[in-house]
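Nothing fancy with the numbering, it's 1 onward along the sequence.
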Amino acid sequence: MKAHRITAVMTALALTAAGSSGLTAWAAPGKDLCLNTAASSGQDQAAGETGTSGSQQVYVKEPKTEGRVTLSFAGDISFAEGYANMVYYHNNGDDITRCITPEVIARMESADIMMINNEFAYSNRGTPLSGKTFTFRAKPETAANLSLLSADIVSVANNHVYDYGETALLDTLDTLETYKIPYVGAGRNLDEAREIVCFQAGDMKIAYVSATQVERSYVYTREATDTRAGVLRTYDPAVFLDVIRRAKENSDFVVVYVHWGTEGVSRFEADQQRLGHQYIDAGADLVIGDHPHCLQGVEYYKGVPIFYSLGNFWFNSKTRETGLVEADITREGLVEFRFVPCLQSGCRTTLITDQGKRKKSFQYLQSISANAVIDENGVIREKK
């Protein structure tokens, strides 16, 4: 296991400003300094100006292949107590490798940077939101599973991280920082929710940003403001588009991870498409979506792929096609984009290895995609 492959920062700065003792920073050649304002984080922190524009955090990674970085993504995951998948987890000795099989975990570990959607709160406190049908809260110690799954970064921009109110959201942020897991998409205030997480991998700086479009009608999940904790919303994308533009100005490759769409709908919808195109116009080099709890297809816009939904990765007992998405990038941009088919069934997520089943999975994904083709190896290309 890579346990924690993340190494925060390389060069110490001597700082004399009040409250800045011990802060460290690293700047890529020719790039702006990445900033970190997560004062309670267990990771090293970087220093610099902050304010209404938000800030950035940077982590140094050593890519497995010189000149090439592999990014990997999984969809919705939940460690929330009281649901079937966690009953299975406890009945199997609290061993996540009995739930997400070693073959899947090995594939996750093979990436240089692995990202998942953390769709629940880590807390022992709070009260479930009144009127909400499903509320998800996990024991803080289950965050240790993120390292076992080789997760380098998580999104907390979703419609369940606030299920037990502000107290549990704050506990979630504290827990992730205690376990040294970077997160994007929520914060103790709007400035934190807009923070950009960067990874310096070799000579490339890769920026991650995240926001949620849902809920789209009745809103349970509170939006972050200047004075209160919450998620970063993109129902009106103006603020999030500014975050993407800032990320583009200060990095070589921008990943947008977005919570959007309608649950149970396998075809992406016009509002998702409209947002995805706006993200790319603002500077996104790759758009990865989740929330529908099922796979949605791929669309290319201006040569940039949008994978509309990765679906459930390990979320409940239902049988759902799922998978990992892998993106190989170089200084020239995205050079290969792949789908690694998996299956969530009976509270386990397994790797699909049977060639016939793999072929069916690729054919299905292509059938729900727009202008993308998937070959027998899962490589996704734009249909010309």
Side-chain angles (χ1 to χ4, degrees), residues 1-13 22-48 50 54-74 108-118 143-144 146-157 173-187 192-210 243 246-257 285-286 288 327 329 331:
M1 301 291 174
K2 52 189 170 183
H4 270 296
R5 301 177 303 173
I6 300 168
T7 304
V9 219
M10 295 182 65
T11 303
L13 298 180
L23 300 182
T24 56
W26 186 83
K31 295 294 181 183
D32 290 345
L33 181 68
C34 278
L35 308 178
N36 176 358
T37 59
S40 63
S41 173
Q43 301 152 6
D44 290 342
Q45 301 168 39
T50 60
S55 63
Q56 297 180 350
Q57 304 174 46
V58 66
Y59 303 90
V60 178
K61 299 299 297 294
E62 188 65 36
K64 293 179 173 64
T65 302
E66 186 176 355
R68 178 181 290 234
V69 180
T70 298
L71 315 179
S72 185
F73 304 88
M108 298 169 77
E109 184 183 9
S110 69
D112 293 306
I113 305 171
M114 178 73 227
M115 184 177 193
I116 65 173
N117 175 45
N118 192 109
L146 295 174
S147 292
L148 297 175
L149 296 175
S150 293
D152 294 297
I153 180 171
V154 300
S155 170
V156 285
L173 306 183
D174 289 343
T175 297
L176 291 169
E177 289 166 0
T178 295
Y179 283 88
K180 300 186 178 179
I181 301 293
Y183 57 84
V184 280
E192 280 194 15
R194 291 185 295 187
E195 282 184 356
I196 301 162
V197 170
C198 293
F199 290 86
Q200 186 71 35
D203 63 352
M204 287 180 283
K205 188 162 76 168
I206 303 147
Y208 287 79
V209 297
S210 186
V243 173
R246 287 193 294 108
K248 187 66 173 180
E249 289 171 359
N250 296 293
S251 67
D252 302 300
F253 193 91
V254 177
V255 174
V256 169
Y257 194 102
D285 296 295
L286 176 62
I288 302 290
I329 66 172
R331 293 286 298 179

### Residues Glu177 and Tyr183: side-chain donor-acceptor under 3.5 angstrom
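Judged by distance alone, the side chains do pair up.
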### Query
Is it true that Arg68 and Asp112 make a salt bridge, defined as a side-chain N closer than 4.0 Å to a carboxylate O?
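The answer is no: the pair does not qualify as a salt bridge.
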Which heavy atom of [X] sits nearest to which heavy atom of [Y], and what is that distance?
X	Y	answer
Ile196	Ala207	CG2-CB, 3.8 Å
Met115	Val184	CE-CG2, 3.8 Å
Met108	Ile116	CE-CG2, 4.4 Å
Ser210	Tyr257	OG-O, 2.7 Å
Val209	Ala247	CG1-CB, 4.2 Å

Would you indicate whether the side-chain heavy atoms of [Y] and [X] approach each other to under 4.5 Å?
X	Y	answer
Lys61	Ile206	no
Phe253	Val69	no
Ser147	Ile181	yes

### Task
Evaluate the criterion side-chain contact (heavy atoms from CB on, under 4.5 Å) for residue pair Ile113 and Val255; output intermediate values, then yes/no.
CA-CA 12 Å; Ile113 305 171; Val255 174; over 6 Å; no
### Query
Considering residues at least two apart in sequence or located in another chain, which fulfil the side-chain hydrogen bond (donor to acceptor under 3.5 Å, both in side chains) criterion with Asn118?
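side-chain hydrogen bond (donor to acceptor under 3.5 Å, both in side chains) list for Asn118, sorted by chain: Tyr122.
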### Task
Please name all residues satisfying side-chain hydrogen bond (donor to acceptor under 3.5 Å, both in side chains) with Thr175, sequence neighbours left out, ordered by chain then number.
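Residues passing side-chain hydrogen bond (donor to acceptor under 3.5 Å, both in side chains) with Thr175: none at all.
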### Rounded distance [0.5 Å steps], CG in Leu286 versus CG in Leu71
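The distance works out to 7.0 Å.
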### Query
When rounded to the nearest 0.5 angstrom, what distance separates CD1 in Ile153 from CG in Leu176?
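Reported to 0.5 Å precision, the distance equals 10.5 Å.
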### Query
Which word best sums up how the rings of Phe199 and Tyr208 line up, parallel for under 30°, tilted for 30 to 60°, or perpendicular for over 60°?
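Taking Tyr208 first and then Phe199, their aromatic rings stand perpendicular (interplane angle over 60°).
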State whether the side chain of [X] and the backbone N or O of [Y] hold a donor-acceptor pair below 3.5 Å, judged by distance alone.
X	Y	value
Lys205	Cys198	no
Gln200	Gly202	yes
Ser155	Asn117	no
Asp252	Arg331	no

### Pair Thr65-Thr70, side-chain contact (heavy atoms from CB on, under 4.5 Å): steps then yes or no
CA-CA 9 Å; Thr65 302; Thr70 298; over 6 Å; no
